[in-house]
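As the structure lists them, so they are numbered: ligands from 1, and atoms in each ligand from 1.
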Amino acid sequence: MKIGFIGSGVMGSALSSAVARSEIGQILVSDAAPKKAEELAQKIGGEAVSNEVIAEESDVIFLAVKPQYMKEMLSGIQKILAERQNRFLIVSMAAGLTIARIKELAGGEYPVIRIMPNTPASIGEGVVIVSPDDQVRLQEVDQVMTMLAPAGRLVRLSEKQLDAGGSISGCGPAFVDLFVEALADGGVLCGVPRKEAIQLAAQMVLGSAALILESGKHPGELKDMVCSPGGTTIEGVRALENGGFRATVMEAVIAAYEKNTKLG
Ligand SMILES: NC(=O)c1ccc[n+]([C@@H]2O[C@H](COP(=O)([O-])OP(=O)(O)OC[C@H]3O[C@@H](n4cnc5c(N)ncnc54)[C@H](OP(=O)(O)O)[C@@H]3O)[C@@H](O)[C@H]2O)c1
């Protein structure tokens, strides 16, 4: 089968690399800047082609351009899609654009899966939220999930929940980067060299996240296990609560969600 990616930027590169590792089909990539597509194709063992060729030949068409360019890009391939005789699937990763809007822009009632990946997908440690519409067959959902598996953890959500979910996992890497930087800054202020401070903070976040997932324990329970009575950690927790840490993080997710819903 042929799997096409229109857009060879950050996410198009990350996901096409993952799909290439699944060895499910031949990968076609395109970009507004053909050189970018050629470099990506060379890296992942795919083929650089035009948007038109992807629209004409791919069994699965991943849309990996920014939401604001989707209308223009899809209007350029509408006619080709309409003329196709065989079945094909559209997979959109555009933040905020609903399945209904993608169909409208693509100009037909095509089967669409909306996904929401994140940047750690580029190293196989991502989260990809998967929301198929009613027209997508079960077997097609399974196939897309299998091809995306090398990107990381796959989570199925309804389309109604996707924007909210994406505000955690899609935007979250930036929130965590700020947290890691801030932890390291605190360490530097207390005398730890910068490089080691970042290593300590990042590995601690990685390990804590893995412990939550592997133990199945609620994060509150794991937090309680580190906070001994009258100890040092609970002093730090008090400082975080004084700074409105949890409320601020909630506000960050809500702000991203609200922006997401406006993009549509
Ligand atoms: N980055 C993330 O963390 C993230 C997370 C979740 C979802 N997403 C979604 O992933 C999609 C891609 O985002 P991104 O971060 O990968 O953006 P990006 O790095 O800007 O990549 C988009 C690519 O599409 C190209 N492009 C623009 N118009 C095109 C056209 N008409 N035909 C072919 N290619 C075209 C751009 O080329 P030029 O640069 O030359 O314009 C660029 O190389 C977006 O819809 C975004 O919502 C991203």
Open item on the list: For ligand 1, which is the ligand I care about here, please tell me if Met11 has any N or O atom under 3.5 Å from one of the ligand's N or O atoms.
Closed with: yes
Open item on the list: Checking the N or O distance criterion of under 3.5 Å, is ligand 1 in contact with Ala32?
Closed with: yes
Sidechain-backbone polar pair: [X] side chain, [Y] backbone, donor-acceptor under 3.5 Å:
X: Gln26; Y: Ile3; value: no
X: Glu140; Y: Arg137; value: yes
X: Ser208; Y: Val205; value: no

Specify side chain, backbone, both or neither for [X], according to which of its non-hydrogen atoms lie closer than 4.0 Å to ligand 1.
X: Pro117; value: both
X: Ala95; value: both
X: Lys36; value: side chain
X: Pro173; value: neither

Open item on the list: Distance under 4.0 Å to a non-hydrogen atom of Ala94: what atoms of ligand 1 satisfy this?
Closed with: 45 (O), 47 (O)
Open item on the list: Can you name the atoms of ligand 1, numbered from 1 with element, that are less than 4.0 Å from a heavy atom of Thr119?
Closed with: 3 (O)
Open item on the list: Can you pull out every salt bridge (Lys or Arg N to Asp or Glu O under 4.0 Å) where at least one residue sits in residues 149-169? Sequence neighbours excluded, please.
Closed with: Arg114-Glu159, Arg114-Asp163
TODO: Output every pair passing salt bridge (Lys or Arg N to Asp or Glu O under 4.0 Å) with a member in residues 52-64, not counting sequence neighbours, ordered by first then second residue.
DONE: Lys2-Glu57
Which residue and atom name correspond to the protein heavy atom nearest [atom], and how close is it?
atom: atom 21 (O) of ligand 1; result: Gly9 CA, 3.2 Å
atom: atom 32 (N) of ligand 1; result: Asn51 ND2, 2.9 Å
atom: atom 19 (O) of ligand 1; result: Val10 N, 3.0 Å
atom: atom 26 (N) of ligand 1; result: Val65 CG1, 3.7 Å
atom: atom 22 (C) of ligand 1; result: Ala64 O, 3.4 Å

Task: Val127-Ile115 co-clustered via ILVMFWY side chain contacts under 4.5 Å - done: no
- [ ] With rounding to the nearest 0.5 Å, note down the distance linking NZ in Lys71 to CD in Glu104.
- [x] 8.5 Å
TODO: To the nearest 0.5 Å, tell me how far Leu148 CG sits from Leu154 CG.
DONE: 6.0 Å
Open item on the list: Assess, by modelled atom type and distance only, whether the side chains of Gln161 and Ser158 contain a donor and an acceptor separated by less than 3.5 Å.
Closed with: yes
- [ ] Would you indicate which of Met93, Lys66, Met116, Met73 comes nearest to atom 14 (P) of ligand 1 when only heavy atoms are counted?
- [x] Lys66
Task: Option of least heavy-atom distance to atom 40 (O) of ligand 1 (set: Leu63, Asp31, Ile54) - done: Asp31
Task: Ion pair check, Glu258 and Lys262, cut-off under 4.0 Å - done: no
